[in-house]
Amino acid sequence: MKVLIIGGGGREHCLAWKISKSDEVDKVFAAPGNPGMGGIAQCIDMGISGNDFKGLAHIAEAEDIDMIVVGPEAPLVAGITDYMSGRGLITFGPAREAAMLEGSKAFTKRLCNKYGISTARAEVFRSAEYDRARQYIKSQSQFPLVVKADGLAAGKGVLIAEDMDEALKALDECMIDRAFGDAGSTVMVEEFLTGYEMSILCLSDGKKIIPMELAQDYKRIFDGDQGKNTGGMGSYSPVPMVSEKIYNKALEDIIYPTGEALQRENIDYRGVLYAGILVSRDEPYLLEYNCRFGDPETQAVLPRLKDDLAPILYECARGSLSIDSLSWDERKCICVIAASKGYPETSSKGDLISGLEDVKDMDDIVVFHAGTRSQGGDIATNGGRVLGVTALGDDFKETRKKAYDAMENIKFEGMQYRKDIAEKAEED
Ligand code: AMP
């Protein structure tokens with residue numbers, strides 16, 4: 001089988017790494033891919049964006065691709081799977097209607113409320129209802145309050161307002177200033193929940209849903225969850241703080257009812273269903289659904305997967321999963337992300353990266369590239385999150401040491417990474 005992966009971040013590098021191990025896969029292509037994929041995938045970087053469906057279909061047809069695996073959410077929400085399927089190209093990732101679970105928070109909230117799926121309480125307002133939204137916010141007495149842009153906003157559309165003024169400002173940012181364009185023309189105002197978060201990534205073929213092992217990610221730039229939100233500074237799996245009871249409750253109260261709800265709505269969901277869940281006083285609540293693998297959760301989950309991923313994705317895409325569960329390596333996995341100078345406010349590009357050769361052959365270590373580029377025979381930063389060091393080990397203490405020892409070899413100007421990834425797992 002020949003597989004084409006769409007995207008070029010750490011998640012896609014990890015997918016290419018895992019898929020390339022399959023006995024059933026002859027060749028992996030990635031568009032655009034990244035320099036870290038050399039040796040496992042042929043990168044096709046012709047300046048074709050993930051939203052250029054026609055250009056990508058040309059590549060798939062020219063290379064005789066058997067399966068396209070879509071990494072990021074934007075092309076899925078824009079309907080890449082529908083387009084490719086229309087051209088007879090088997091594509092892993094939900095069709096446009098199904099990807100609405102990530103594409104519209106209001107859609108998901110309605111589904112949750114209709115089918116009794118456990119989620120945070122919220123009200124939804126369309127742009128024509130701006131005045132009503134203001135009145136609603138003014139009537140609230142509990143703060144913080146969460147104001148969310150309905151559509152895709154590159155992870156920036158969730159505003160946590162500490163008081164009424166901030167909440168009204170957040171509403172204006174979405175509806176009046178249109179900071180998130182059309183994505184913010186509908187706004188959701190949600191109760192603020194306190195607790196801890198977890199990510200459950202599941203595979204679905206439209207009929208059954210198979211959960212993967214739990215992961216937790218770190219959104220803030222600095223240790224101790226300080227500073228600005230980022231695309232994710234690290235992750236680990238499994239998550240010892242989550243008891244079997246809570247995990248099963250999340251499946252029973254959120255994941256499985258969502259599968260049933262989608263079927264009852266005649267929505268054929270084939271792909272990754274990724275639930276962002278907050279556990280508050282031992283009750284799991286859905287915060288959001290994503291319609292693709294998470295980044296950087298994928299880099300901590302897939303290295304633990306024992307099964308051959310490629311045929312599983314293929315079966316999902318065809319709507320005929322033959323397995324009922326996945327098998328997992330008992331070891332722990334940690335991914336520590338190194339970001340470029342100034343991230344997330346600014347993004348430095350072109351800083352040379354050293355030490356990659358030193359970690360290449362280390363046991364139980366894989367470096368997944370994200371924001372890197374080739375620069376005259378060297379590898380340099382290309383902004384944002386630059387790379388992730390993933391380590392496997394028997395316990396979290398050992399795994400953390402391996403990851404951080406490896407990271408110390410890698411250097412670039414202004415490099416920043418958190419030192420506390422999976423620290424809390426070590427304590428559990
Ligand atoms: P979302 O994109 O909806 O997952 O939101 C991004 C992040 O905002 C989440 O990972 C949470 O940390 C935070 N968040 C979102 N909704 C809530 C909420 N209702 N209560 C508390 N925190 C929230």
Side-chain angles (χ1 to χ4, degrees), residues 72-74 76-77 99-113 117-125 136-137 140 142-163 166-167 170-171 173-174 179-180 183-184 186-202 214-222 224-236 239 241-242 250 254-255 258 272-297 337 344 418 424:
E73 62 277 18
L76 290 168
V77 171
M100 283 281 280
L101 274 188
E102 177 161 3
S104 166
K105 290 179 190 293
F107 171 85
T108 300
K109 194 62 77 179
R110 268 198 302 275
L111 194 81
C112 288
N113 291 339
I117 297 160
S118 174
T119 184
R121 257 185 303 114
E123 290 287 324
V124 174
F125 303 94
Y136 177 78
I137 290 171
Q140 296 302 299
Q142 293 278 353
F143 290 89
L145 198 59
V146 190
V147 179
K148 296 184 176 184
D150 175 54
L152 293 186
K156 298 193 175 76
V158 175
L159 306 153
I160 296 177
E162 296 298 333
D163 54 37
E166 275 189 29
L171 177 71
E173 211 177 303
C174 293
F180 311 109
T186 293
V187 164
M188 189 159 84
V189 182
E190 192 169 76
E191 68 172 327
F192 179 82
L193 296 174
T194 48
Y196 63 87
E197 289 177 54
M198 61 183 180
S199 308
I200 307 185
L201 281 73
C202 310
L214 273 180
Q216 215 167 36
D217 75 337
Y218 290 78
K219 286 266 187 298
R220 305 291 185 117
I221 183 76
F222 299 130
D225 291 329
Q226 301 296 308
K228 290 235 157 91
N229 260 330
T230 69
M233 293 302 290
S235 58
Y236 67 95
V239 185
M241 73 154 63
V242 179
I254 297 171
I255 304 291
T258 302
V272 170
L273 180 67
Y274 156 177
I277 291 170
L278 191 144
V279 181
S280 182
R281 286 192 222 95
D282 283 349
E283 285 293 325
Y285 296 91
L286 179 77
L287 288 186
E288 64 163 354
Y289 269 126
N290 294 317
C291 64
R292 33 76 196 181
F293 282 100
D295 193 336
E297 288 96 328
I337 300 287
R418 280 180 65 156
K424 53 192 172 196

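Just so it is clear, the values below take in all heavy atoms, side chains as well, and ignore hydrogens, waters and symmetry mates. Start at 1 and go down the list; that is how both ligands and their atoms are numbered.
Side-chain contact check for Ile254 versus Tyr289: some heavy-atom pair is nearer than 4.5 Å. Residues Gln216 and Tyr196 have side chains in contact (heavy-atom distance under 4.5 Å, counting atoms from C-beta outward).
Phe222 meets the ring pair (Phe, Tyr, Trp, His ring centres under 6.0 Å) test with no other residue; sequence neighbours excluded.
To the nearest 0.5 Å, atoms OH (Tyr274) and OG (Ser199) are separated by 4.0 Å.
Applying the salt bridge (charged side-chain N to carboxylate O under 4.0 Å, His left out) test to every pair with at least one member in residues 146-157, sequence neighbours left out, gives these pairs: Lys148-Glu190. Applying the salt bridge (charged side-chain N to carboxylate O under 4.0 Å, His left out) test to pairs two or more places apart or on separate chains, those with a residue in residues 287-297 are Glu73-Arg292, Glu102-Arg292, Lys105-Glu288, Asp295-Arg385.
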List of N/O pairs, ligand 1 versus protein, all under 3.5 Å?
from, atom 1, to, atom 2, distance (Å)
ligand 1, 2 (O), Lys105, NZ, 3.4
ligand 1, 2 (O), Glu288, OE1, 2.9
ligand 1, 3 (O), Lys105, NZ, 3.4
ligand 1, 3 (O), Lys148, NZ, 2.9
ligand 1, 4 (O), Glu288, OE1, 3.4
ligand 1, 4 (O), Glu288, OE2, 2.9
ligand 1, 10 (O), Glu197, OE1, 2.6
ligand 1, 12 (O), Glu197, OE1, 3.4
ligand 1, 12 (O), Glu197, OE2, 2.5
ligand 1, 16 (N), Lys148, NZ, 3.0
ligand 1, 16 (N), Glu190, OE1, 3.4
ligand 1, 19 (N), Glu190, OE1, 2.9
ligand 1, 19 (N), Glu191, O, 2.8
ligand 1, 20 (N), Leu193, N, 2.9

